[in-house]
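Inspection log for the structure reproduced underneath, given as structure tokens.
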Amino acid sequence: MATKTATADPLFWNKVAGAILGSGLIAMTCGFIAELLVHPHMLKENAFVVPVPEAATKGPVEQKPLEPIAPLLANADIAAGQKAATKCLACHSFDKGGPNKVGPNLWDVVGGPHAHVPSFSYSPAMGALKDQAWDYEALNKYLFNPKAAVPGNKMAFAGISSEKERANVIAFLRSRSDAPKPLP
Ligand code: HEC
């Protein structure tokens, strides 16, 4: 009596193929349903914001007060200052009797009052300081960070971060006068 072996079944390989195809289909369907149920999408903002103490985000450099410019002025390079001041030319002239542009003419500004050109229409912030002189340290602070030094003023200039370059530019400004102010 012949036992019915697997190979004797004429449909055996069909069944095997069917089983493989079937499980493949089931796997695909599961993947498809899972995708429908769980919708992974990226958030635009972090769902959880980890608070970082403010002190940790500020570098020590920013907290340091600006070093006085006075010690650098004696050895400042006027020619280098004039070269660096080409980035001011879009808005300022430096000659005696030169025109106001976006900003005021800067002849004789060192030692003069803030808002030193009567014919220029200054911002109220700058106009409010006209009792104060543009001494070397005031210019140093203003040219380092115009926005912070005179809040609300309208000079749209980022500032000069290099101490040496500021000294050179201030020395050049000082030279633009019939009677340059004494060095500090
Ligand atoms: C994008 C234009 C712009 C640039 C660039 C610019 N300034 Fe000015 N500056 C102004 C304006 C506008 C004012 C007047 C600000 C106000 O009235 O608030 C001003 C004011 C000043 C003042 C004060 C003048 C006064 O009479 O009180 C000084 C000093 C000065 N600028 C220096 C410089 C120097 C030096 C540079 C280049 C390193 C420079 N600025 C670059 C627009 C500019």
Side-chain angles (χ1 to χ4, degrees), residues 43-46 49-184:
L43 296 177
K44 283 208 185 95
E45 283 174 36
N46 289 339
V49 179
V50 181
V52 178
E54 212 186 322
T57 59
K58 277 197 184 160
V61 182
E62 264 182 276
Q63 292 171 333
K64 219 170 62 178
L66 203 57
E67 297 283 340
I69 204 73
L72 293 184
L73 287 177
N75 294 318
D77 183 341
I78 295 178
Q82 175 158 25
K83 213 168 154 213
T86 48
K87 51 177 161 257
C88 326
L89 288 175
C91 302
H92 294 290
S93 66
F94 293 97
D95 301 327
K96 190 176 187 175
N100 297 325
K101 299 188 189 173
V102 177
N105 169 256
L106 290 179
W107 177 261
D108 217 9
V109 71
V110 174
H114 285 54
H116 83 302
V117 176
S119 61
F120 184 77
S121 139
Y122 288 93
S123 64
M126 189 62 84
L129 298 175
K130 63 177 186 296
D131 295 341
Q132 290 180 35
W134 275 125
D135 59 32
Y136 295 114
E137 296 311 332
L139 282 167
N140 184 33
K141 280 192 195 120
Y142 188 55
L143 294 181
F144 175 65
N145 186 345
K147 254 193 194 151
V150 181
N153 94 99
K154 63 176 182 179
M155 168 151 121
F157 177 69
I160 303 171
S161 55
S162 154
E163 192 176 46
K164 198 167 166 214
E165 189 177 323
R166 278 196 316 279
N168 292 343
V169 167
I170 292 171
F172 165 66
L173 284 176
R174 173 179 174 266
S175 75
R176 309 308 290 157
S177 168
D178 284 331
K181 300 294 171 293
L183 283 173

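Position 1 is the first residue of the sequence, and the numbers go up from there. When a ligand or atom number is given, it counts from 1 through the structure's own listing order.
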Against Leu66, only a single residue in Glu137, Arg166, Glu163 fulfils side-chain contact (heavy atoms from CB on, under 4.5 Å); can you say which? Arg166
Proximal candidate to [atom] [heavy atom criterion; set [options]]:
atom: atom 10 (C) of ligand 1; options: Met155, Arg166, Lys87; value: Met155
atom: atom 20 (C) of ligand 1; options: Tyr142, Tyr122, Phe157; value: Tyr142
atom: atom 14 (C) of ligand 1; options: Phe120, Phe172, Phe94; value: Phe120

Start with the C-alpha gap between Leu183 and Arg174, add the side-chain angles, then the distance that decides, and say whether side chain to side chain contact (heavy atoms under 4.5 Å, CB included) holds. CA-CA 9 Å; Leu183 283 173; Arg174 173 179 174 266; 3.7 Å; yes
Proximity flag Pro104 to ligand 1, non-hydrogen atoms under 4.0 Å: yes
Can you tell me if Ala85 contacts ligand 1 (heavy atom of the residue under 4.0 Å from the ligand)? no
At what distance, to the nearest 0.5 angstrom, does CG of Leu106 lie from NZ of Lys101? 10.0 Å
To the nearest 0.5 Å, tell me how far Trp134 CH2 sits from Ile170 CD1. 10.0 Å
Any N/O/S atom of His92 sitting less than 2.8 Å from atom 8 (Fe) of ligand 1, backbone or side chain? yes
Around atom 18 (O) of ligand 1, find the nearest protein heavy atom and jot down its residue, atom name and distance. Ser123 OG, 2.4 Å
In the protein, which heavy atom is nearest to atom 1 (C) of ligand 1, and how far is it? Cys91 SG, 2.7 Å
Parallel under 30°, tilted from 30 to 60°, perpendicular over 60°: which one fits the rings of Tyr122 and Phe120? perpendicular
